[in-house]
Undergrad: 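A single structure is presented below for examination.
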Amino acid sequence: MSPSELPDPVAQFWERARIKAKANPAPGYLGVTAADTVPPEAWAFGATSGQADSLLQLVLDGTKTATASALWDYEIADEALPAPGDLSIILDSAGVPYALIKTTKVDTVAFDQVDEEHAYLEGEDDRTLASWREIHQQFFTEHAGHGRPFSEDMPVVLERFSLVYP
(Lines give C-alpha, C1' and ligand atoms only; values in the text may rest on other atoms or scores of the structure.)
Protein backbone atom coordinates (compact mmCIF):
# COMPACT_ATOMS: atom_id res chain seq x y z
CA MET A 1 0.00 0.00 0.00
CA SER A 2 1.47 3.38 -0.97
CA PRO A 3 1.57 6.29 1.53
CA SER A 4 -1.20 8.07 -0.36
CA GLU A 5 -3.45 5.01 0.14
CA LEU A 6 -2.97 4.92 3.90
CA PRO A 7 -5.96 6.06 5.94
CA ASP A 8 -5.85 9.63 7.24
CA PRO A 9 -5.50 9.43 11.06
CA VAL A 10 -7.57 12.59 11.58
CA ALA A 11 -10.40 11.23 9.41
CA GLN A 12 -10.28 7.90 11.26
CA PHE A 13 -10.33 9.70 14.62
CA TRP A 14 -13.26 11.86 13.50
CA GLU A 15 -15.20 8.78 12.36
CA ARG A 16 -15.04 7.46 15.95
CA ALA A 17 -15.32 10.79 17.78
CA ARG A 18 -18.25 12.26 15.83
CA ILE A 19 -20.57 9.59 17.24
CA LYS A 20 -19.55 10.56 20.78
CA ALA A 21 -19.95 14.26 19.90
CA LYS A 22 -23.42 13.55 18.48
CA ALA A 23 -22.32 15.25 15.27
CA ASN A 24 -25.04 13.66 13.13
CA PRO A 25 -24.38 10.04 14.13
CA ALA A 26 -27.12 8.92 11.73
CA PRO A 27 -27.46 10.41 8.25
CA GLY A 28 -30.42 12.72 7.89
CA TYR A 29 -33.39 12.44 5.61
CA LEU A 30 -31.37 13.72 2.68
CA GLY A 31 -28.45 11.39 3.38
CA VAL A 32 -24.86 12.11 4.28
CA THR A 33 -23.81 15.78 4.45
CA ALA A 34 -20.38 17.43 4.38
CA ALA A 35 -20.59 17.83 8.17
CA ASP A 36 -20.74 14.04 8.44
CA THR A 37 -17.48 13.47 6.64
CA VAL A 38 -15.38 16.65 7.03
CA PRO A 39 -13.61 16.65 10.39
CA PRO A 40 -13.35 19.78 12.54
CA GLU A 41 -10.12 21.75 12.51
CA ALA A 42 -7.21 19.74 13.93
CA TRP A 43 -4.44 21.53 15.80
CA ALA A 44 -1.97 21.22 18.67
CA PHE A 45 -1.63 23.43 21.71
CA GLY A 46 1.46 25.60 22.09
CA ALA A 47 4.23 26.34 19.62
CA THR A 48 6.74 23.57 20.35
CA SER A 49 6.54 19.79 20.43
CA GLY A 50 7.08 19.79 24.19
CA GLN A 51 4.22 22.24 24.70
CA ALA A 52 1.94 20.28 22.38
CA ASP A 53 2.46 17.03 24.26
CA SER A 54 2.40 18.40 27.80
CA LEU A 55 -0.71 20.54 27.20
CA LEU A 56 -2.48 17.65 25.45
CA GLN A 57 -1.79 15.47 28.48
CA LEU A 58 -3.35 18.12 30.74
CA VAL A 59 -6.47 18.02 28.54
CA LEU A 60 -6.63 14.22 28.64
CA ASP A 61 -6.17 14.27 32.43
CA GLY A 62 -9.08 16.73 32.77
CA THR A 63 -6.80 19.40 34.25
CA LYS A 64 -6.83 21.79 31.28
CA THR A 65 -10.28 23.10 30.30
CA ALA A 66 -9.27 26.52 28.96
CA THR A 67 -6.74 28.16 26.69
CA ALA A 68 -5.68 31.65 25.65
CA SER A 69 -4.57 33.11 22.32
CA ALA A 70 -3.53 36.53 21.10
CA LEU A 71 -6.40 38.20 19.26
CA TRP A 72 -3.82 39.77 16.94
CA ASP A 73 -2.79 36.29 15.72
CA TYR A 74 -6.39 35.61 14.63
CA GLU A 75 -6.54 38.99 12.89
CA ILE A 76 -3.24 38.61 10.99
CA ALA A 77 -4.25 35.11 9.84
CA ASP A 78 -7.77 36.36 8.96
CA GLU A 79 -9.23 33.51 11.04
CA ALA A 80 -12.58 33.51 12.79
CA LEU A 81 -12.51 33.42 16.56
CA PRO A 82 -13.63 30.23 18.24
CA ALA A 83 -17.31 30.19 19.20
CA PRO A 84 -19.34 28.16 21.67
CA GLY A 85 -20.26 24.85 20.09
CA ASP A 86 -17.15 24.65 17.90
CA LEU A 87 -15.41 21.28 17.86
CA SER A 88 -11.63 20.85 17.54
CA ILE A 89 -9.44 17.79 17.18
CA ILE A 90 -6.34 18.11 19.35
CA LEU A 91 -3.10 16.63 18.04
CA ASP A 92 0.12 15.60 19.72
CA SER A 93 3.50 16.84 18.50
CA ALA A 94 3.62 14.13 15.83
CA GLY A 95 0.24 15.15 14.41
CA VAL A 96 -1.62 12.18 15.88
CA PRO A 97 -5.19 13.02 17.01
CA TYR A 98 -5.96 12.26 20.65
CA ALA A 99 -8.84 14.45 21.80
CA LEU A 100 -12.02 16.07 20.61
CA ILE A 101 -12.94 19.23 22.50
CA LYS A 102 -16.02 21.45 22.35
CA THR A 103 -15.77 25.19 22.95
CA THR A 104 -18.16 26.26 25.70
CA LYS A 105 -17.31 29.94 26.24
CA VAL A 106 -15.20 32.63 24.55
CA ASP A 107 -14.25 36.07 25.87
CA THR A 108 -11.73 38.65 24.74
CA VAL A 109 -10.02 40.68 27.47
CA ALA A 110 -6.82 42.61 27.97
CA PHE A 111 -3.87 40.46 29.09
CA ASP A 112 -3.79 42.22 32.47
CA GLN A 113 -7.53 41.51 32.96
CA VAL A 114 -7.22 37.71 32.83
CA ASP A 115 -8.43 36.43 36.20
CA GLU A 116 -7.41 33.71 38.67
CA GLU A 117 -10.23 31.42 37.56
CA HIS A 118 -9.08 31.36 33.95
CA ALA A 119 -5.46 30.80 35.00
CA TYR A 120 -6.56 27.87 37.13
CA LEU A 121 -8.64 26.34 34.31
CA GLU A 122 -5.65 26.44 31.95
CA GLY A 123 -4.03 23.94 34.32
CA GLU A 124 -0.40 24.93 33.76
CA ASP A 125 2.40 25.05 36.33
CA ASP A 126 0.94 25.78 39.80
CA ARG A 127 -2.32 27.09 38.26
CA THR A 128 -1.92 30.57 39.78
CA LEU A 129 -2.48 33.84 37.98
CA ALA A 130 1.14 34.84 38.63
CA SER A 131 2.50 31.76 36.87
CA TRP A 132 -0.09 32.10 34.08
CA ARG A 133 1.07 35.66 33.42
CA GLU A 134 4.73 34.67 33.42
CA ILE A 135 4.21 31.69 31.09
CA HIS A 136 1.92 33.57 28.71
CA GLN A 137 3.97 36.75 28.57
CA GLN A 138 6.92 34.61 27.52
CA PHE A 139 4.79 32.69 25.02
CA PHE A 140 3.22 35.82 23.50
CA THR A 141 6.68 37.41 23.26
CA GLU A 142 8.51 34.44 21.71
CA HIS A 143 5.80 33.01 19.44
CA ALA A 144 3.79 35.99 18.23
CA GLY A 145 2.70 35.62 14.63
CA HIS A 146 1.42 39.17 14.41
CA GLY A 147 4.69 41.13 14.66
CA ARG A 148 3.60 43.36 17.53
CA PRO A 149 5.48 43.56 20.84
CA PHE A 150 3.90 42.12 23.95
CA SER A 151 1.90 44.57 26.03
CA GLU A 152 -0.10 44.27 29.24
CA ASP A 153 -3.20 45.57 27.45
CA MET A 154 -2.95 43.32 24.39
CA PRO A 155 -6.27 41.60 23.64
CA VAL A 156 -6.34 37.92 24.57
CA VAL A 157 -8.99 35.42 23.45
CA LEU A 158 -9.98 33.23 26.40
CA GLU A 159 -11.58 29.95 25.40
CA ARG A 160 -13.16 27.41 27.69
CA PHE A 161 -13.84 23.91 26.46
CA SER A 162 -14.96 20.47 27.50
CA LEU A 163 -13.37 17.18 26.55
CA VAL A 164 -15.84 15.27 24.40
CA TYR A 165 -13.72 12.30 23.32
CA PRO A 166 -12.04 10.13 24.50
Side-chain angles (χ1 to χ4, degrees), residues 10 13-14 16-25 33-36 38-48 50-93 97-146 148 150-166:
V10 171
F13 179 86
W14 176 237
R16 293 185 311 271
R18 73 184 184 91
I19 305 299
K20 179 70 172 169
K22 297 181 178 149
N24 198 11
T33 68
D36 297 326
V38 177
E41 183 178 359
W43 49 273
F45 285 103
T48 68
Q51 291 169 352
D53 292 340
S54 65
L55 296 174
L56 169 62
Q57 191 57 56
L58 291 174
V59 170
L60 294 173
D61 292 345
T63 304
K64 182 174 183 61
T65 58
T67 193
S69 308
L71 175 64
W72 297 332
D73 286 339
Y74 285 99
E75 292 173 345
I76 198 76
D78 197 26
E79 287 183 23
L81 295 180
D86 286 354
L87 296 172
S88 296
I89 295 173
I90 307 303
L91 309 172
D92 71 1
S93 61
Y98 276 90
L100 179 68
I101 62 171
K102 182 176 187 176
T103 301
T104 58
K105 183 178 180 185
V106 179
D107 291 304
T108 302
V109 302
F111 179 89
D112 61 1
Q113 297 301 305
V114 174
D115 62 18
E116 292 274 353
E117 180 183 21
H118 184 83
Y120 182 82
L121 294 174
E122 284 216 29
E124 298 174 46
D125 196 39
D126 65 3
R127 301 178 85 171
T128 64
L129 182 57
S131 69
W132 183 92
R133 286 187 174 155
E134 181 180 330
I135 291 165
H136 286 77
Q137 179 174 349
Q138 181 178 0
F139 181 85
F140 292 143
T141 300
E142 293 176 2
H143 303 288
H146 49 74
R148 297 181 187 182
F150 171 81
S151 70
E152 291 283 327
D153 64 349
M154 68 180 283
V156 178
V157 178
L158 305 180
E159 180 180 358
R160 291 188 186 184
F161 57 83
S162 61
L163 178 62
V164 176
Y165 180 81

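In this text the structure is predicted, and so the values were computed from the model without any measurement.
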Undergrad: Give, for atom CG of Leu100 and atom CG of Leu163, the distance between the pair rounded to the nearest 0.5 Å.
TA: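 Going from CG on Leu100 over to CG on Leu163, the span is 8.0 Å.
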
Undergrad: Who passes side chain to side chain contact (heavy atoms under 4.5 Å, CB included) against Asp107, sequence neighbours left out?
TA: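 Partners of Asp107 under the side chain to side chain contact (heavy atoms under 4.5 Å, CB included) test: Lys105.
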
Undergrad: About how many Å separate CG of Leu158 and CG of Asp115, when rounded to the nearest 0.5 Å?
TA: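 Going from CG on Asp115 over to CG on Leu158, the span is 8.0 Å.
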
Undergrad: If you define the side chain from C-beta out and look only at heavy atoms, does anything of Val10 sit under 4.5 Å from Leu91?
TA: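 Heavy-atom side-chain distance check passes, below 4.5 Å.
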
Undergrad: Distance-only criterion, 3.5 Å: show the donor-acceptor pairs between side-chain atoms of residues 69-79 and protein atoms not counting sequence neighbours.
TA:
residue: Asp73; atom: OD1; partner: Gly145; partner atom: N; Å: 3.0
residue: Asp73; atom: OD1; partner: His146; partner atom: N; Å: 3.2

Undergrad: Looking at residues at least two apart in the chain, or sitting in another chain, which of them share a ring-ring contact (aromatic ring centres under 6.0 Å, His included) with Tyr120?
TA: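 Once residues adjacent in sequence are excluded, Tyr120 has no partner under the ring-ring contact (aromatic ring centres under 6.0 Å, His included) criterion.
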
Undergrad: Output all residues satisfying side chain to side chain contact (heavy atoms under 4.5 Å, CB included) with Asp92, sequence neighbours left out; order by chain, then residue number.
TA: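 So Asp92 forms a side chain to side chain contact (heavy atoms under 4.5 Å, CB included) with Asp53, Leu56, Ala94, Val96, Tyr98.
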
Undergrad: Does Ser88 reach the main-chain N or O of Ile101 with its side chain, forming a donor-acceptor pair under 3.5 Å?
TA: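 Checked: no pair found.
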
Undergrad: Can you list the residues that meet the side chain to side chain contact (heavy atoms under 4.5 Å, CB included) rule with Glu116, with sequence neighbours excluded?
TA: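 Scan of Glu116 (side chain to side chain contact (heavy atoms under 4.5 Å, CB included), adjacent residues dropped) gives Leu129.
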
Undergrad: Mind listing the closest non-hydrogen atom pair of Arg127 and Thr63 along with its distance?
TA: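 Residues Arg127 and Thr63, closest heavy atoms: NH2-O, 3.2 Å.
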
Undergrad: The criterion is side-chain hydrogen bond (donor to acceptor under 3.5 Å, both in side chains); which residues satisfy it with Thr103, sequence neighbours excluded?
TA: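 Counting only residues at least two positions away or on another chain, Thr103 forms a side-chain hydrogen bond (donor to acceptor under 3.5 Å, both in side chains) with Glu159.
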
Undergrad: Just do the side-chain contact (heavy atoms from CB on, under 4.5 Å) check on Phe140 and Val156 with the steps written out, would you?
TA: CA-CA 10 Å; Phe140 292 143; Val156 178; 4.2 Å; yes

Undergrad: Shortest non-hydrogen contact from Val164 to Lys102?
TA: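 Heavy-atom minimum between the residues: CG2-CB, 3.6 Å.
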
Undergrad: Only distances under 3.5 Å count here; give the side-chain donor-acceptor pairs of residues 131-138 to other protein atoms, sequence neighbours excluded, each with its distance to 0.1 Å.
TA:
residue: Ser131; atom: OG; partner: Asp126; partner atom: OD1; Å: 2.7
residue: Ser131; atom: OG; partner: Thr128; partner atom: O; Å: 3.1
residue: Ser131; atom: OG; partner: Thr128; partner atom: OG1; Å: 3.3
residue: Trp132; atom: NE1; partner: Glu122; partner atom: OE2; Å: 2.9
residue: Trp132; atom: NE1; partner: His136; partner atom: ND1; Å: 3.2
residue: Trp132; atom: NE1; partner: His136; partner atom: NE2; Å: 3.4
residue: Arg133; atom: NH2; partner: Asp112; partner atom: O; Å: 3.1
residue: Arg133; atom: NH2; partner: Val114; partner atom: O; Å: 3.4
residue: His136; atom: ND1; partner: Trp132; partner atom: O; Å: 2.9
residue: His136; atom: NE2; partner: Glu122; partner atom: OE1; Å: 3.1
residue: Gln138; atom: NE2; partner: Glu142; partner atom: OE2; Å: 3.1

Undergrad: Starting from the C-alpha separation in whole Å, work towards a yes-or-no answer on side-chain contact (heavy atoms from CB on, under 4.5 Å) for Phe111 and Asp153.
TA: CA-CA 5 Å; Phe111 179 89; Asp153 64 349; over 6 Å; no

Undergrad: Mind checking what makes ring-ring contact (aromatic ring centres under 6.0 Å, His included) contact with Phe13, not counting sequence neighbours?
TA: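 Only Tyr165 meet the ring-ring contact (aromatic ring centres under 6.0 Å, His included) criterion with Phe13.
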
Undergrad: Using the side chain to side chain contact (heavy atoms under 4.5 Å, CB included) criterion, which residues pair with Gln57? Sequence neighbours excluded.
TA: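 Checked Gln57 against side chain to side chain contact (heavy atoms under 4.5 Å, CB included); matches are Leu60, Asp61.
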
Undergrad: Identify the two heavy atoms, one from Pro84 and one from Thr104, that lie closest to each other, and give their separation to 0.1 Å.
TA: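 For Pro84 and Thr104, the tightest heavy-atom pair comes out as CB-O, 3.8 Å.
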
Undergrad: Please tell me if the side chains of Phe45 and Val59 come closer than 4.5 Å, counting only heavy atoms from C-beta onward.
TA: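 SC-SC contact between Phe45 and Val59 confirmed.
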
Undergrad: If you take all heavy atoms of Ala99 and Pro166, which pair is closest and at what distance?
TA: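 Minimum heavy-atom separation between Ala99 and Pro166: CA-CD, 4.0 Å.
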
Undergrad: For the backbone of Thr48 and the side chain of Gln51, can you confirm whether one donor and one acceptor N or O come within less than 3.5 Å of each other?
TA: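 At least one qualifying donor-acceptor pair exists.
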
Undergrad: With sequence neighbours excluded, what pairs up with Asp86 under the side-chain hydrogen bond (donor to acceptor under 3.5 Å, both in side chains) test?
TA: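 side-chain hydrogen bond (donor to acceptor under 3.5 Å, both in side chains) list for Asp86, sorted by chain: empty.
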
Undergrad: Measure the CG-CD distance between Leu87 and Glu41 for me, rounded to the nearest 0.5 Å.
TA: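 Going from CG on Leu87 over to CD on Glu41, the span is 11.5 Å.
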
Undergrad: Using side-chain hydrogen bond (donor to acceptor under 3.5 Å, both in side chains) as the criterion, list what pairs up with Thr65, not counting sequence neighbours.
TA: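 Here no residue qualifies.
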
